[in-house]
Trainee: 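Okay, handing you the structure first.
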Amino acid sequence: MSAEDTTRPVIAITMGDASGIGPEIIMKALARPEVQALCRPLVVGDAARLREAGAIVRTGLDVAALATPAEARFAPGRVDCIDLGLIPPGHPFGQLSPLSGEAAYRYIERATRLVEAGDADAICTAPLSKEALHAAGHKYPGHTELLAHLTGTPEVSMMLVAPKLRVIHVTTHIGLLDAIRRIEPGLVERVIARGHATLVKAGIAAPRIGVCGINPHAGENGLFGQGEEEEKIIPAVQACQARGWRVDGPLPADTLFFRAARGDFDLVVAMYHDQGHAPVKVMGLEAGVNITVGLPVIRTSVDHGTAFDIAGQGIADDGSLVEALKQAAELAPRRGRAAA
């Protein structure tokens, strides 16, 4: 491999749920010259399924089945795939399958080990089905929690990035009442700190961070709720301000996202799943990216699901995957130079 090649990071792309749109959007994205120019993609999945998806979307790419990363050539017109051989011929698209759930788990597991071994620089994940994952016996709420388990990381955060908007979540895949009970000043402060560190690493020296309240109008000075803002959020904001960080809140969520989208803030801290997810998906579902913050490995993902209703039809949009690959390439350490 040439020295010039080593300036592009190796991104391990997991195939996700083989019954969903993951194989199709991977083949579409890897046919784009701009993707090949920014990274060296190494798919972790099933070569036969990728070939089937390639025929559906008509990319004309060859798929090479590899046993080890050392066999990868990263050549134009070729998709290098660490082939786990888990999906049988004729496996249906668009149907929930424990087999696909087990395979999705295995792809993530292998990709994690590749990064830990230094054979890849970052992970980019195609969508999996939580229901299929559970049906296969892997009781994780999603990629974020699964990756935390595989890497032995006690606490991570989900950051969503869309055009003009970045959002990090204090809680994610739990019920609303459970989320409110879980929120406490230490957790809020740690999430703000992870978001701050991520933006500084990305080149924003003094990020402006807006923190959502829990209740309507951020409690309206005690008018709404039972003092959650004062008890759970304000101490964390004050602690971050004491570090010299530009943190403001708690602020009413209904106006904070508008202000962030127009440029007043570099990052919004959302208290629970739908508070943060809904605005991002309105801003740009096709271009949204999910970044897991706090892991020892870089991981980005599409910000959409398996889309079983259109899987196997060749019409899935690969825009979110392309953006996720761009983010992974920007965040990953380069082998040919010192990491940023």
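From a predicted model like this one, the values you see are computed outputs, not experimental measurements.
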Trainee: Salt bridge check, R259 against D264: does any charged N sit closer than 4.0 Å to a carboxylate O?
Mentor: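 Salt bridge present between D264 and R259.
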Trainee: Could you state the interatomic distance from CD1 (I234) to CD (Q241), rounded to the nearest 0.5 Å?
Mentor: 10.0 Å
Trainee: So, does E229 use its side chain to make a donor-acceptor pair with the main chain of N215 at under 3.5 Å?
Mentor: yes
Trainee: For the backbone of D17 and the side chain of S100, can you confirm whether one donor and one acceptor N or O come within less than 3.5 Å of each other?
Mentor: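 Answer holds: no.
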Trainee: For the atom pair CG (L38) and CG (L325), what is the distance rounded to the nearest 0.5 Å?
Mentor: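 So the gap between those two atoms works out to 7.0 Å.
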Trainee: side-chain contact (heavy atoms from CB on, under 4.5 Å), that's the test. Do L114 and V44 meet it? Break it down for me.
Mentor: CA-CA 10 Å; L114 289 176; V44 181; 3.8 Å; yes
Trainee: When rounded to the nearest 0.5 angstrom, what is the spacing between CZ in R182 and OG1 in T172?
Mentor: 8.0 Å
Trainee: Is the backbone N or O of G186 less than 3.5 Å from a side-chain atom of E184, with the two atoms forming a donor-acceptor pair by type?
Mentor: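 Confirmed, E184 side chain pairs with G186 backbone.
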Trainee: Are K326 and E34 within salt-bridge range, i.e. N to O under 4.0 Å?
Mentor: no
Trainee: Taking only residues two or more places apart in sequence, or in another chain, which ones meet H143 in a ring pair (Phe, Tyr, Trp, His ring centres under 6.0 Å)?
Mentor: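 H143: no ring pair (Phe, Tyr, Trp, His ring centres under 6.0 Å) contacts found.
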Trainee: When you group the ILVMFWY residues by side-chain heavy-atom contacts below 4.5 Å and let the links chain together, are L147 and V161 in the same group?
Mentor: no
Trainee: Do we see a donor-acceptor contact under 3.5 Å between the side chains of S157 and R194?
Mentor: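 Looking only at side-chain atoms, R194 and S157 do form a donor-acceptor pair, the distance falling under 3.5 Å.
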Trainee: Can a donor-acceptor pair be found, under 3.5 Å and without considering hydrogens, that links the side chain of D46 to the backbone of L86?
Mentor: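 Here the side-chain-to-backbone pair exists.
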Trainee: Do E189 and R243 meet the salt-bridge criterion of a basic N to acidic O distance under 4.0 Å?
Mentor: yes
Trainee: Looking at CD of E145 and CE of M158, how far apart are the two atoms once the value is rounded to the nearest 0.5 Å?
Mentor: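 E145 CD to M158 CE: 6.5 Å, rounded to 0.5 Å.
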Trainee: Any donor-acceptor pair under 3.5 Å linking the side chain of Q95 with the backbone of H91?
Mentor: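 Checking the backbone N and O of H91 against the side chain of Q95, no donor-acceptor pair under 3.5 Å is found.
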Trainee: Counting only N and O atoms by type, is there a donor-acceptor contact under 3.5 Å from the side chain of E323 to the main-chain atoms of S320?
Mentor: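 Between the backbone of S320 and the side chain of E323 there is no qualifying donor-acceptor contact (under 3.5 Å).
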Trainee: Using a 6.0 Å distance limit plus a 45 degree cone around the ring axis, check whether R49 lies over the aromatic ring of F93.
Mentor: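 The answer is yes; both the distance and angle limits are met.
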Trainee: Is it true that D318 and R32 make a salt bridge, defined as a side-chain N closer than 4.0 Å to a carboxylate O?
Mentor: yes
Trainee: Both conditions, 6.0 Å and 45 degrees, for the charged tip of R208 above the ring of F265: are they met here?
Mentor: no
Trainee: Just verifying a value: how many Å separate T151 OG1 and L295 CG, rounded to the nearest 0.5 Å?
Mentor: 5.0 Å
Trainee: What residues, two or more places apart in sequence or in another chain, satisfy ring pair (Phe, Tyr, Trp, His ring centres under 6.0 Å) together with H134?
Mentor: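 Checked H134 against ring pair (Phe, Tyr, Trp, His ring centres under 6.0 Å); zero matches.
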Trainee: Once you round to the nearest 0.5 Å, how far does CG of L199 lie from CZ of R166?
Mentor: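 These two atoms lie 5.5 Å from each other.
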Trainee: Over all heavy atoms of both residues, which pair between G22 and A126 is shortest? Give the atoms and the distance, please.
Mentor: CA-CB, 3.9 Å
Trainee: Enumerate the ring-ring contact (aromatic ring centres under 6.0 Å, His included) contacts for residues 155-214, please, sequence neighbours excluded, ordered by first and then second residue.
Mentor: H169-H277, H173-H273, H196-W245
